[in-house]
Amino acid sequence: MKKVIGYLTLMFSIVACINNQVLAYTYTGVEINSKFNKLQHIIIPYEYEDGRISDKNATIYQMKNRECAIVAILNNESNFGGYEDVIYFSNKKIKSAYTRSFFSTFIDKAAMKKAKKIRYDEFMKDSDTQDELSSDFKNYLKQMNKNTLNKCS
């Protein structure tokens, strides 16, 4: 009986560790902002398909075990939503990355007053998105200061 209890405890411990690892790579930007320390803010340009240029605002957060996360926001033209990139990295290498679209919620029926809370859509993890995230990551690395690089490696 002790062996069975021991095996069950070990199995649940392993499952819990795996689940915690998976959950750590699916935080929203709002969750990361509320749980982890900010290290640096970076702005990189984003070019739309029609040639317009906009700013992608990114904040780098220190997580645990010298791992960091970049949360980058690209607002759409109406400023009522946009895209959020989350890139987990350490030692100048991406561990995981994804993009999600987000939408503002409103306090009033006329949709004039935005609430602080936003709604997220599904993950975008296709190969084009991953290529774009990798390219953006290279631009972020170029602008990271020594303190951020030290804490993320």
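These values consider heavy atoms only, across backbone and side chains, with no hydrogens, waters or symmetry-generated copies.
Side-chain atoms of E47 and R52, non-hydrogen and from C-beta on, never get closer than 4.5 Å to each other. At least one side-chain heavy atom of H41 sits under 4.5 Å from a side-chain heavy atom of N57. Using a 4.5 Å heavy-atom threshold, the side chains of Y46 and E132 count as touching. Contact check for L39 versus K151: side-chain heavy atoms found under the 4.5 Å cut-off. In this structure, the side chains of F103 and D121 come closer than 4.5 Å at one or more pairs of heavy atoms. Put simply, the side chain of I44 reaches to within 4.5 Å of the side chain of Q143, judged on heavy atoms. Contact annotation: the side chain of V71 never approaches that of D85 to less than 4.5 Å [non-hydrogen atoms, C-beta and beyond].
Of all heavy-atom pairs between S134 and I94, the closest is CA-CD1, 4.0 Å. Contact record, A97 with I87: CB-CG1, 4.1 Å, taken as the closest heavy-atom pair. Here the closest non-hydrogen pair linking S90 and E67 is CB-CA, 4.1 Å.
The line from NZ of K56 to CG of N75 is 11.5 Å long, rounded to the nearest 0.5 Å. In this structure, T99 OG1 and L74 CG are separated by 9.5 Å, a value rounded to the nearest 0.5 Å. Distance CZ/R119 to OG/S104: 9.0 Å, rounded to 0.5 Å.
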Take Y27 and K35 through the test side-chain contact (heavy atoms from CB on, under 4.5 Å) and record every step on the way to the result. CA-CA 10 Å; Y27 284 132; K35 293 180 182 189; 3.6 Å; yes
Evaluate the ring pair (Phe, Tyr, Trp, His ring centres under 6.0 Å) criterion for residues Y140 and F89: first the C-alpha distance (whole Å), next the side-chain angles of each, then the deciding distance (0.1 Å), finally the verdict. CA-CA 11 Å; Y140 297 133; F89 72 99; 9.0 Å; no
Y120 vs E84, side chain to side chain donor-acceptor pair (under 3.5 Å): CA-CA, chis, key distance, verdict: CA-CA 9 Å; Y120 287 96; E84 177 181 88; 3.0 Å; yes
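Using modelled atom types, one side-chain atom of N145 and one backbone atom of N147 make a donor-acceptor pair closer than 3.5 Å. At least one donor-acceptor pair under 3.5 Å links the side chain of S153 to the backbone N or O of L149. Checking side-chain atoms of D126 against main-chain N and O of D128 turns up a donor-acceptor pair under 3.5 Å. Not a single donor-acceptor pair under 3.5 Å links the side chain of R100 to the backbone N or O of V86.
When each of I60, D136, L133 is checked for a side-chain contact (heavy atoms from CB on, under 4.5 Å) with I70, only I60 meets the rule. Of the listed residues (N37, T148, N33), just one forms a side-chain hydrogen bond (donor to acceptor under 3.5 Å, both in side chains) with Y61, and that residue is N33.
The disulfide bond (SG atoms under 2.5 Å apart) contacts involving residues 32-69 comprise C68-C152, where partners must be two or more places apart or lie in separate chains.
Ring to ring, Y83 and F102 are not that close: their centroids are 6.0 angstrom or more apart.
Using bins of under 30°, 30° to 60° and over 60° for the plane-to-plane angle, the ring pair F123/Y98 lands in the perpendicular bin.
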